[in-house]
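The structure appears below as structure tokens.
Computed from a prediction, not measured in an experiment: that's the story for all the values here. No hydrogens, no waters, no symmetry mates; every other heavy atom, side chains included, goes into these values. Residue numbers run from 1 in the order of the sequence given.
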Amino acid sequence: MQGLTNRRLGATGTLRENRITDSINLPDKKSWKKVSRGEIASSTCNDLLVVRWNKNSVVTVLTNYHPVDPLRKASRYSRADRKKISVNVPGPVAQYNTNMGGVDIGDQFIGTYVTASILRTSLCSRMASVS
């Protein structure tokens, strides 16, 4: 992500727990699961912003482009209240969800169809076993 920042390219993506360094001051995932839904924690490191958000599970997003504000509202079903409740969504998470739809669909299509390289590899291995 730092390389993209140096090239002045904006990017937002999810961040795995094992990639978070000590220089990023965020509560750990285990304790963050216990906070109420919609809670937000953020930390900055150089030009990067890391946002941790609790929806049903803990979501960590890294961005060099979007600020935490403005917060957006999303409706989620609460089993305790048995109705939909309004939850705050940080800006980077909302932008990530908005723009990831096409990539997810593309990955789904690629996974469904046999690509040329996989087909070529399987054909070559079959031909080698026959001769």
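- Here the rule is side chain to side chain contact (heavy atoms under 4.5 Å, CB included) with Thr12, and of Leu62, Leu49, Thr63, Val51 only Thr63 fits it.
- Side-chain atoms of Asn54 come within 3.5 Å of backbone N or O of Val35 as a donor-acceptor pair.
- Not one N or O on the side chain of Trp53 forms a donor-acceptor pair closer than 3.5 Å with the backbone of Val61.
- By the 4.5 Å heavy-atom criterion applied to side chains, Lys73 and Val87 are not counted as neighbours.
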With side chain to side chain contact (heavy atoms under 4.5 Å, CB included) as the test, would you mind laying out the steps for Asn64 and Asp47 before giving the verdict?
-> CA-CA 6 Å; Asn64 64 357; Asp47 293 331; 5.5 Å; no

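- For the atom pair Arg72 CZ and Gln95 CD, the distance stands at 5.0 Å (nearest 0.5 Å).
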